[in-house]
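In what follows, every chain begins at residue 1, and chains take the letters A, B, ... in the order their sequences are listed.
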2 protein chains.
Amino acid sequence: MTNKTTPDKFDSQLMRGSLDLMVLAILDREAQYGYSIQQKLREASGEKVDLKAGTLYPILHRLEAEKLIRSKWDESSARKRKWYELTKTGRKRLQQQAQTWHAYVHCIQSLLPPKLALTLPAP
Amino acid sequence: MTNKTTPDKFDSQLMRGSLDLMVLAILDREAQYGYSIQQKLREASGEKVDLKAGTLYPILHRLEAEKLIRSKWDESSARKRKWYELTKTGRKRLQQQAQTWHAYVHCIQSLLPPKLALTLPAP
DNA sequence: ATTCTATATATAGATAGGCTATATATATTG
DNA sequence: CAATATATATAGCCTATCTATATATAGAAT
């Protein structure tokens, strides 16, 4: 039985629209391959973000098609891995998306009744 | 031509998953009818949230089916309006969703590089 | 009078992005 | 030798939002 009172994962609908931001943010730290991105996101989020392979890989392919990230196969290591890193355009996009994200967070905050709103620093 | 540099509206994908929260939050202020919810959201967001009728009305019907809001036709006024108000369950749900939202915001903040992250109060 | 705009609600169908399921392949552990 | 973890990939499903359309009336403009 699943625990509905303290759900261990964020709803996929909620994350829709910020998955790109998350992936770009994780890649800004250091170059990663798909599987490690998946793990890093899971760990960094306290298991609340657990992207399935069928979600993550299409995102990576899309980001690469948009030239926000670039890839390189590593055949030398024990396992065949496809490493990704941010491009210059990708870094810019990360900044833009972070800005948009903050604007959106402020917007929601202003809609919430004061009792339920976090205090946020002015934009 | 649309202005891509300073988009006047939030992407629909970004808002996906938090529209219910917004509608519940607006209704927590006072009872509203559909059209006024649409306007209030647009004004309160600085034109950045502009729900189309085809988006809003299905949301209201779904929230009512979940008994989070209740409706009442007003035939007396010049125009036929369907007024909505929060139920007790709806108020609880608003609190829950606000909590989840805050947790999610904190999660994203922790993923962003410090330079791009807002400083948030501890949860 | 008539046309246009704003107000007010409703729904069918298109779109898009995340999910499920499945496939392939290899290293490691028991 | 079997089971599990690592590693990537894609076809097809699901669903919430959007587009387009429909209906109806009040008020303003011509």
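Atoms CD1 (B:Ile37) and P (C:dA10) sit 11 Å apart, rounded to a whole Å. As rounded to whole Å, 13 Å separates atom C1' of C:dT26 from atom CH2 of A:Trp73. Atoms NZ (A:Lys9) and C1' (C:dC19) sit 12 Å apart, rounded to a whole Å. The CG-P distance, from A:Leu51 to D:dT8, rounds to 14 Å in whole Å. Rounded to a whole Å, the CD atom of B:Glu64 is 12 Å from the P atom of C:dT9. Nucleotide C:dT26 holds its P atom 9 Å from the NZ atom of A:Lys80, rounded to whole Å. Atom NZ of B:Lys52 and atom C1' of D:dA22 are 18 Å apart (whole Å). Residue B:Leu14 contributes atom CG, which lies 15 Å from atom C1' of C:dG18 at whole-angstrom precision.
A donor-acceptor pair shorter than 3.5 Å can be found between the side chains of B:Ser18 and A:Tyr104.
A donor-acceptor distance shorter than 3.5 angstrom exists from the side chain of A:Ser45 to the backbone of A:Lys48, with no hydrogens or angles considered. Judged by distance alone, the side chain of B:Glu64 and the main-chain N or O of B:Ser71 form a donor-acceptor pair under 3.5 Å.
Residue contacts for B:Gly54: at a heavy-atom cut-off of 4.0 Å it reaches a base atom on one of the strands shown. At a threshold of 4.0 angstrom between heavy atoms, the contacts of A:Ser12 are confined to the sugar-phosphate backbone, with no base atom among them.
Counting atom types as modelled, A:Arg16 pairs a side-chain N or O with a base atom of C:dG17 as donor and acceptor under 3.5 Å.
Within the 4.0 Å cut-off from OP1 or OP2 of C:dT9, at least one side-chain nitrogen or oxygen of B:Tyr57 is found. A sub-4.0 Å separation between OP1 or OP2 of C:dA10 and a side-chain N or O of B:Lys82 is present. Between A:Arg62 and C:dG18, a side-chain N or O to OP1/OP2 separation shorter than 4.0 Å is present. Not one side-chain nitrogen or oxygen of B:Tyr33 sits closer than 4.0 Å to the OP1 or OP2 atom of C:dT9. Regarding contacts with the backbone of C:dT11, a side-chain N or O of B:His61 is found under 4.0 angstrom from either OP1 or OP2.
Counting heavy atoms from C-beta outward, A:Tyr33 and A:Lys80 have side chains that stay 4.5 Å or more apart.
Each of A:Ala53 and A:Ile59 lies near DNA chain C, and the nucleotide nearest A:Ile59 is the one positioned closer to the 5' end. Both A:Arg79 and A:Asp20 lie near DNA chain C, and the one whose nearest nucleotide falls closer to the 5' end is A:Asp20. Place A:Arg81 and A:Gln13 on DNA chain D by their nearest nucleotides, and A:Arg81 ends up nearer the 5' end.
When each of D:dA9, C:dA10, C:dC19 is scored by its nearest atom to the side-chain atoms of B:Tyr84, the top-ranked nucleotide is C:dA10.
A salt bridge does not link B:Lys9 with B:Glu47: every distance from a Lys NZ or Arg NE/NH1/NH2 to an Asp or Glu carboxylate oxygen is 4.0 Å or more.
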